[in-house]
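Just below is one structure, and these are the notes that go with it.
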There are 2 protein chains.
Amino acid sequence: MQKIMNQVQLSKQLKVSCESCSLSELCLPRGLSTKEMNILDDHIERPRNLSQNAQLYQPGDKFTGFYAVRSGGVKTYLTKKTGEQQILGFHLPGEVFGLDGMENGKQRCYATTLENTSYCILPYDQLDHLCETIPELRHQVCQLLGHEMNCDHSHLLLLGQQTAHERLATFLLNISSRFKHRGFSPTSFMLPMSRHDIAGFLGIAVETVSRLFKSFQEKGIVIINRKQVDIINLDKLNNMVANCEETD
Amino acid sequence: MQKIMNQVQLSKQLKVSCESCSLSELCLPRGLSTKEMNILDDHIERPRNLSQNAQLYQPGDKFTGFYAVRSGGVKTYLTKKTGEQQILGFHLPGEVFGLDGMENGKQRCYATTLENTSYCILPYDQLDHLCETIPELRHQVCQLLGHEMNCDHSHLLLLGQQTAHERLATFLLNISSRFKHRGFSPTSFMLPMSRHDIAGFLGIAVETVSRLFKSFQEKGIVIINRKQVDIINLDKLNNMVANCEETD
DNA sequence: TCTATAAAATGACATGGATCAAGTGTCATA
DNA sequence: TATGACACTTGATCCATGTCATTTTATAGA
């Protein structure tokens, strides 16, 4: 009996169950009962690890399920034939991505790690099946999908209507609030991505990112040292995007 | 008996059932059996009509369900506080929109008619409930959501990486293929939206749209007369976007 | 038919960011 | 600690596109 318990413990440990995962309140299981969470848990592939700049999938790959970041970070992107990357999103611990493959069972974009990264896969077939019996999970999934869409829509507003200044300010505030949401400092953090990736996300040139960081610093809004960001004057930063989004 | 039949007929007619709707193969019921379609049908609100430039919803409104265009056209958009519109999508007959409200039960964007428009509403609660028992419907909804995401992602690539020429060419080809999909000519059609809206969708100025249309015409690619578009040289138009998207 | 109003086109000019070309800093490995 | 590779910064220049002003065309209503 003791032996069995130990095996269960071990299995739980290896599996890094949702229940024991510090990110479960941010991730898909959010809002599920312990019982429901454990059912979901049984279907999740145990964490996989990848080093920096490793590819998770690329266009044409079979869509197998949703991805959840445990640690590290991932970028998803499309490319022009000439090679330029349009980065669609940065995905930080606790966040789920790779939902767009649902259209036809094939991936449409690239997914690459920003640094050493650990992630889980939630197999789509099983998630779909569980949705039949767990209305709350269905609700979670729909909420997640809606959230993704709204993120994309804000991103469209940014790319279509904002100046380079506004874009970078919006970006910093966005990252800041996501760190805050995970319980970290919203004003002092390390960017997990390169200048090149920031540029690719914001639809501007790398050089512009450099110059704007310098300009923000000269205005006393932030202090930037390589990837370390310290927001000195959050109000000023907020003011820079004040005209960008309707708040209700 | 005859009377009852007539009532049923009348009711069906008023309701403009999915089964009798010429767009059902393009719309959400696509792929459902007749029986399943009729179940879905019973929960769909009969078509409503709106004249041009009428608002369907705005940010903050309660999210009640998905919208399906029967005739006419709808734009969804976000705005900056300064008033500029970033148009997120144009929605033509047979297309479903308004899915982003799923995140928190509130609309996040504006939806306005481009012309006299008829549309159906698929109440979310009931759709959710039906998804429990009709796996095929669940599959349809997920496919639809995936499609929306991929549309948004292509739009992000367009806004982030394409020149004004490429954007307008991509736009024309996109509209063209959607007309084709509905069984209309892909090379001769009327644009349902204004220059202003095209500009708002492509993230460029109205004047640029005018100038580029003229330039395209001078190159013998299209003939444009107000809202009437005739694509003369589809190859040339395709070449303009050849470097924009990876095709697999 | 005339008039008012809005939509679209056109022209002149200005500029935000891209591009190109060096330079500098940082990190990993020998 | 040297060396190479790469990320980042900085400066100079240019151009695609925005902005502003005006004209033309289409549309709706009296």
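Convention: sequence-line order gives letters A, B, ...; per-chain numbering from 1. Computed from a predicted structure; not experimentally measured.
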>> Quick check: B:Y67 with B:Y57 (ring centres under 6.0 Å apart)?
In response: yes

> Taking only residues two or more places apart in sequence or in another chain, which ones pass salt bridge (charged side-chain N to carboxylate O under 4.0 Å, His left out) with B:E148?
Replying inline: none

> What does B:S210 touch in the nucleic acid at a heavy-atom separation under 4.0 angstrom: a base, only the sugar-phosphate, or nothing?
Replying inline: base

> Rounded to whole angstrom units, what separation is found between the CZ atom of A:F213 and the P atom of D:dT10?
Replying inline: 13 Å

> What are the bounds, 5' to 3', of the part of DNA chain C that sits under 4.0 Å from heavy atoms of chain A?
Replying inline: C:dG17 to C:dT26

>> Could you check whether B:Q86 and A:Q161, counting side-chain N and O atoms only, form a donor-acceptor pair closer than 3.5 Å?
In response: yes

> Does any pair with a residue in residues 95-104 of chain A pass salt bridge (charged side-chain N to carboxylate O under 4.0 Å, His left out), and if so which ones, sequence neighbours excluded?
Replying inline: A:E95-A:R178, A:E103-A:R108

> Do the two ring centres, one from B:F201 and one from B:H155, sit under 6.0 Å apart?
Replying inline: yes

Which pairs would a plain distance check flag for residues 205-213 of chain A, meaning a side-chain donor or acceptor within less than 3.5 Å of a matching protein atom at least two apart in sequence or in another chain?
none

> Base, backbone or nothing for each nucleotide of nucleotides 11-27 of chain D, written B, S, -, heavy atoms under 4.0 angstrom, 5' to 3'?
Replying inline: BB----SSBB-----S-

>> Using ring centroids (six-membered ring only for Trp), state whether A:Y124 and A:F63 fall under 6.0 Å.
In response: yes

> What's the CD-P distance between A:Q217 and D:dT9, to the nearest Å?
Replying inline: 10 Å

Distance-only donor-acceptor pairs under 3.5 Å for side chains of residues 190-197 of chain B, two or more places apart:
residue : atom : partner : partner atom : Å
B:S194  : OG   : B:H196  : N            : 3.4
B:S194  : OG   : B:D197  : N            : 3.1
B:R195  : NH1  : B:R226  : O            : 3.2
B:R195  : NH2  : B:R226  : O            : 2.7
B:D197  : OD1  : B:K75   : NZ           : 2.9

